[in-house]
Amino acid sequence: MISRIDLRGETLPEGSALRDLLPRAEFDVEAALEKVRPICEDVRHHGAAAVIEYGEKFDGVRVEDLRVPAEAIARALEELDPAVRAALEESIRRARLVHREQRRTTHTTQVVPGGTVTEKWIPVDRVGLYVPGGRAVYPSSVVMNVVPAQEAGVEGIAVSSPPQKEFGGLPHPTILAACALLGVDEVYAAGGAQAIAMFAYGTADGAADGRPGCAPVDLVTGPGNIYVAAAKRLLKGRIGIDAEAGPTEIAVLADATADPVHVAADLISQAEHDPMAASVLVTDSDELAAAVEAELKTQVAVARHVDDRIAPALAGRQSAIVLVTDLEDGLRVVNAYGAEHLEIQTADAAALADRVRNAGAVFVGPWAPVSLGDYCAGSNHVLPTGGCACHSSGLSVQSFLRGVHIVDYTRDALADVAHHVVTLAEAEDLPAHGAAIKARFGWKVPESK
């Protein structure tokens, strides 16, 4: 059901050599580029009509208008199961608590008397937030994308999610209800690469009768399949992107004190997403490894989505039980792996968690499973995958802000440093840079005081 990789008794290599020993899903975004390029070009030149055509082709339903009517959003909230509504409201409340604390404030540094640099944080004007459809329904992704954008102060927020044949070409009603709870009324029934292109280029019209279309955005965030990731890569530069999200991952660093029932359940919880999902256990305990293997068989036997998701995910090359000599080696392995989600289930979990350098999010101890973070921890679940946690962060308020430096110098403050500026300009063979300083002082550089 799940393979083993035995690294015990070996001197672990460094860096990429260690990463190459670890399981990882194949996710060739570059190969998908050529498939999404004509889609994006078609949307660029033909707007909403192209998006509608691709929706019919890929999602099996043709919509007349990409923009979801306001009454459909309101109706989705009215018809929402009260228990689901209460859960979403609590998820939103907790996410706001955490993300509100991430707000940046303007700060001014006095470099010299009369010379200051102020860093001002400005939200992007307009964002497109992508919420995937397909195998599962993700109202939680609406929460995780919209809340940080709102807390950052973004004024223009548009959400797009694939049209669903079952719901007459609208996105899933639970997604629409989540938008309603968050006060988002600009929602589009578009998925895949065509949705990303719609956000990037805009649509001149919304439908054949010339109804208003989607205005271009500055930034696109949110997870999606390989074609969404490829479209993000292709259009990056025209739009900002959060990341090229790949298949979801969980790594669990555990010792003999861990409960194999918990560990197996957590590995299965990620495998449930997708047949390419990665579930990795790193442990120094042969006994725990055997117990988890046994638990996987027991729990998978009674799970849903086994044949199309869980079983192929656990059996795939991206999932494994990695045996290490001790927890120090285990820590080196998980830092090399850079998991999207990392659980620490050891005797001294907090101390080990404090030493983790590479992870999208870290879940400490037996009572902080990844599922908590997916919904109601208050943390964000849009996280770097594919080892990108070694250099990238998850979605946050910061993702929607730009730091702008405001430079304010008086004549005397510039005069005091003018000779250094001219010297550096001449050292770089950029004499006009120096001339721009000299012109302000009658072409004679003041002597430093």
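Predicted model only: the values in this text are computed from it and were never measured.
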Do [X] and [Y] pair up side chain to side chain, a donor and an acceptor below 3.5 Å, judged on atom types alone?
{"X": "N145", "Y": "T221", "value": "yes"}
{"X": "Q345", "Y": "E343", "value": "yes"}
{"X": "H273", "Y": "Y138", "value": "yes"}

Is [X] reaching over with its side chain to a backbone N or O of [Y], donor-acceptor style, under 3.5 angstrom?
{"X": "T385", "Y": "G246", "result": "yes"}
{"X": "S319", "Y": "A278", "result": "no"}
{"X": "R24", "Y": "Y337", "result": "yes"}
{"X": "E34", "Y": "A32", "result": "no"}
{"X": "R440", "Y": "A436", "result": "yes"}
{"X": "S91", "Y": "Y375", "result": "yes"}
{"X": "R238", "Y": "A200", "result": "yes"}

Using the side chain to side chain contact (heavy atoms under 4.5 Å, CB included) rule, pick out the option among S161, S141, S140 that qualifies with I175.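 The side chain to side chain contact (heavy atoms under 4.5 Å, CB included) with I175 is passed solely by S161 among S161, S141, S140.
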So if I apply the side chain to side chain contact (heavy atoms under 4.5 Å, CB included) rule between V334 and each of N358, L22, L253, V252, which one comes out positive? L253
For residues [X] and [Y], determine if any side-chain heavy atom of one lies less than 4.5 Å from a side-chain heavy atom of the other.
{"X": "I250", "Y": "V280", "value": "no"}
{"X": "E30", "Y": "R233", "value": "yes"}
{"X": "Q194", "Y": "D59", "value": "yes"}
{"X": "Y130", "Y": "I196", "value": "yes"}
{"X": "E186", "Y": "V159", "value": "no"}
{"X": "P171", "Y": "V68", "value": "yes"}
{"X": "L129", "Y": "S160", "value": "no"}
{"X": "T248", "Y": "E340", "value": "yes"}

Report, as yes or no, whether the 6.0 Å neighbourhood of atom [atom1] on [X] holds more than 12 heavy atoms from other residues, nucleotides or ligands.
{"X": "D307", "atom1": "CG", "result": "no"}
{"X": "R402", "atom1": "CZ", "result": "yes"}
{"X": "R317", "atom1": "CZ", "result": "no"}
{"X": "E26", "atom1": "CD", "result": "no"}
{"X": "R357", "atom1": "CZ", "result": "no"}
{"X": "Y409", "atom1": "OH", "result": "yes"}
{"X": "Y227", "atom1": "OH", "result": "no"}

Those residues at least two apart in sequence (or on a different chain) that pass side chain to side chain contact (heavy atoms under 4.5 Å, CB included) with I5 are L7, P23, A320, V322
Does [X] pair with [Y] as a salt bridge, N-O distance under 4.0 Å?
{"X": "E151", "Y": "R103", "value": "yes"}
{"X": "K232", "Y": "E244", "value": "no"}
{"X": "R44", "Y": "E41", "value": "yes"}
{"X": "E272", "Y": "R304", "value": "no"}
{"X": "R85", "Y": "E89", "value": "yes"}
{"X": "R94", "Y": "E90", "value": "yes"}
{"X": "R104", "Y": "E119", "value": "no"}

Minimal non-hydrogen separation, [X] against [Y], with atom names:
{"X": "L267", "Y": "S279", "value": "O-OG, 2.7 Å"}
{"X": "N380", "Y": "P148", "value": "ND2-CG, 3.7 Å"}
{"X": "A87", "Y": "C376", "value": "O-SG, 4.3 Å"}
{"X": "D125", "Y": "V154", "value": "O-CG1, 4.0 Å"}
{"X": "Q318", "Y": "P312", "value": "NE2-O, 4.3 Å"}
{"X": "G394", "Y": "S399", "value": "O-OG, 4.0 Å"}

Quick one: pull up [atom1] in [X] and [atom2] in [Y] and give me the separation to the nearest 0.5 Å.
{"X": "L327", "Y": "T283", "atom1": "CG", "atom2": "OG1", "result": "7.5 Å"}
{"X": "D408", "Y": "T116", "atom1": "CG", "atom2": "OG1", "result": "4.5 Å"}
{"X": "I73", "Y": "R67", "atom1": "CD1", "atom2": "CZ", "result": "7.5 Å"}
{"X": "L170", "Y": "K165", "atom1": "CG", "atom2": "NZ", "result": "15.0 Å"}
{"X": "L18", "Y": "N335", "atom1": "CG", "atom2": "CG", "result": "9.5 Å"}
{"X": "I406", "Y": "T106", "atom1": "CD1", "atom2": "OG1", "result": "7.0 Å"}

Trace of the side-chain contact (heavy atoms from CB on, under 4.5 Å) decision for Q398 with Q102: CA-CA 7 Å; Q398 182 69 15; Q102 297 172 356; over 6 Å; no
One pair to check against ring-ring contact (aromatic ring centres under 6.0 Å, His included): H107 and W121. What are the steps and the verdict? CA-CA 9 Å; H107 180 77; W121 293 93; over 10 Å; no
Steps toward side-chain contact (heavy atoms from CB on, under 4.5 Å) verdict (H341, F363): CA-CA 8 Å; H341 310 94; F363 300 82; 4.0 Å; yes
Using the side-chain contact (heavy atoms from CB on, under 4.5 Å) rule, take V147 and L182 through it: C-alpha gap first, then chi angles, then the decisive distance, then the call. CA-CA 8 Å; V147 167; L182 288 157; 3.8 Å; yes
One pair to check against side-chain contact (heavy atoms from CB on, under 4.5 Å): F199 and I239. What are the steps and the verdict? CA-CA 8 Å; F199 280 146; I239 51 171; 5.7 Å; no
